[in-house]
Amino acid sequence: MSLRNDFAENIVDVLKDMQDPKPGLVTREPFEPEKLAITQFPALLVNSGNETRIDYAVNKRQGIISYNIRAFLRGKDLDRIRNDMIERIEETLSADTYRGSLKRDVNTQITSIQVIDRLSPLAEVAVTVEVKYLYNKGEL
């Protein structure tokens, strides 16, 4: 499997184990939030985004992959629910910034958070996560 998929799967796996609020659904497959059962909320959709690769040293390159996490929430007091979800995603991803890699040349950080307007009782937050990694030229 590719590093892009390895990192994406790691993000999905750690988000599935997230607590308070525990997601009812974490997937890489698109879905329609309006058609989800109440028990599937909060629902998280993880997608691989763009990647930038640059020369880092004579024999090394750096890749920077963006992952988009869309959190779909339901309930009352949506502002509090959104803020709690943002904090929990950040804490969960920060627990292992290496994304399960044994190599220590991997780093993860949240680079943007966007609140997306939806009609109550639904709310949505888009979180962009960047995974930076180094690799030897010609290895991938």
Side-chain angles (χ1 to χ4, degrees):
M1 192 167 3
S2 74
L3 280 176
R4 290 175 61 86
N5 279 324
D6 289 347
F7 295 147
E9 286 299 319
N10 175 270
I11 291 170
V12 167
D13 290 344
V14 298
L15 292 176
K16 282 181 179 179
D17 290 337
M18 186 170 69
Q19 298 296 319
D20 193 29
K22 181 165 180 58
L25 174 66
V26 181
T27 184
R28 294 175 67 190
E29 297 300 321
F31 58 85
E32 294 181 45
E34 297 83 6
K35 294 184 177 180
L36 294 178
I38 291 174
T39 56
Q40 291 178 294
F41 286 94
L44 304 177
L45 176 63
V46 178
N47 289 124
S48 303
N50 296 328
E51 180 174 1
T52 303
R53 293 184 178 178
I54 57 174
D55 287 334
Y56 186 79
V58 175
N59 64 340
K60 291 222 180 256
R61 297 202 80 199
Q62 180 182 53
I64 304 169
I65 307 171
S66 292
Y67 294 94
N68 304 305
I69 301 170
R70 292 177 60 196
F72 298 93
L73 312 160
R74 184 182 175 104
K76 297 178 183 175
D77 196 7
L78 290 174
D79 189 49
R80 182 188 58 75
I81 292 171
R82 276 192 301 255
N83 291 335
D84 288 347
M85 179 57 68
I86 292 165
E87 183 177 349
R88 187 62 60 226
I89 289 171
E90 184 168 24
E91 289 172 354
T92 300
L93 294 177
S94 294
D96 175 15
T97 60
Y98 304 124
R99 302 281 47 94
S101 173
L102 297 177
K103 296 180 178 180
R104 296 303 183 222
D105 52 6
V106 177
N107 189 34
T108 305
Q109 67 181 19
I110 290 178
T111 58
S112 73
I113 298 166
Q114 180 183 10
V115 174
I116 299 170
D117 289 330
R118 285 196 165 263
L119 294 176
S120 182
L122 293 180
E124 183 178 350
V125 175
V127 178
T128 303
V129 177
E130 281 188 353
V131 177
K132 295 180 184 180
Y133 65 100
L134 294 178
Y135 64 95
N136 292 327
K137 289 182 181 179
E139 269 190 4
L140 296 180

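V12 and I110 fall within a single hydrophobic cluster, where Ile, Leu, Val, Met, Phe, Trp and Tyr side chains are chained together by heavy-atom contacts under 4.5 Å. Taken together through direct or relayed side-chain contacts under 4.5 Å among Ile, Leu, Val, Met, Phe, Trp and Tyr, L3 and L134 form parts of separate hydrophobic clusters. If you chain together hydrophobic residues whose side chains sit under 4.5 Å apart, I86 and I11 fall into the same group.
Interatomic distance, CZ of R88 versus CG of D20, reported as 5.5 Å (0.5 Å rounding). Considering CD of Q40 and CG of L25, their distance stands at 5.5 Å, rounded to 0.5 Å. In this structure, CZ on R70 lies 6.0 Å from CG on L45, to the nearest 0.5 angstrom. For the atom pair CG (N136) and CZ (R61), the distance works out to 12.0 Å, reported to the nearest 0.5 Å. Separating the OG1 atom in T52 from the CD atom in Q62 is a distance of 9.5 Å, to the nearest 0.5 Å. Atom OH of Y135 sits about 4.0 Å away from atom CZ of R53, to the nearest 0.5 Å.
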Exercise for the section: Evaluate the side chain to side chain contact (heavy atoms under 4.5 Å, CB included) criterion for residues L15 and V46: first the C-alpha distance (whole Å), next the side-chain angles of each, then the deciding distance (0.1 Å), finally the verdict. Expected result: CA-CA 10 Å; L15 292 176; V46 178; 4.0 Å; yes

Practice task
Step by step, work out the side chain to side chain contact (heavy atoms under 4.5 Å, CB included) result for Q114 and T128.
Solution key: CA-CA 9 Å; Q114 180 183 10; T128 303; over 6 Å; no

Practice task
Decide side chain to side chain contact (heavy atoms under 4.5 Å, CB included) for L73 and R118; before the verdict, give the C-alpha distance in whole Å, the side-chain angles of both, and the deciding distance to 0.1 Å.
Solution key: CA-CA 10 Å; L73 312 160; R118 285 196 165 263; over 6 Å; no

Practice task
Could you please spell out the steps behind the side chain to side chain contact (heavy atoms under 4.5 Å, CB included) verdict for V125 and M85?
Solution key: CA-CA 8 Å; V125 175; M85 179 57 68; 5.8 Å; no

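Between M18 and L44 the shortest heavy-atom distance is CE-CD1, 3.9 Å. Of all heavy-atom pairs between P33 and F41, the closest is O-CZ, 3.4 Å. Scanning all heavy atoms of the two residues, the minimum distance from R4 to I65 falls at CG-CD1, 3.6 Å. When all heavy atoms of Y98 and V106 are compared, the closest pair comes out as CD2-O, 3.1 Å. When all heavy atoms of I64 and Y133 are compared, the closest pair comes out as N-CE2, 4.5 Å. Across P42 and K22, no two heavy atoms sit closer than the pair CD-O, 3.6 Å.
No more than 12 heavy atoms of other residues, nucleotides or ligands lie within 6.0 Å of CG in N50, so this atom counts as exposed by the packing criterion.
Looking only at side-chain heavy atoms (C-beta outward), F31 and E29 stay at 4.5 Å or farther from each other. When side chains are defined from C-beta on, N5 counts as touching R28, because their heavy atoms get closer than 4.5 Å. In this structure, the side chains of Q109 and T97 stay at 4.5 Å or more apart for every pair of heavy atoms. Counting heavy atoms from C-beta outward, I38 and R74 have side chains that approach closer than 4.5 Å.
For the pairing with V14, the side-chain contact (heavy atoms from CB on, under 4.5 Å) check across V26, L93, D96, I89 returns one residue only, L93. A side-chain contact (heavy atoms from CB on, under 4.5 Å) with R80 is found for exactly one of L78, D84, N83, namely D84.
Not a single donor-acceptor pair under 3.5 Å links the side chain of K137 to the backbone N or O of D55.
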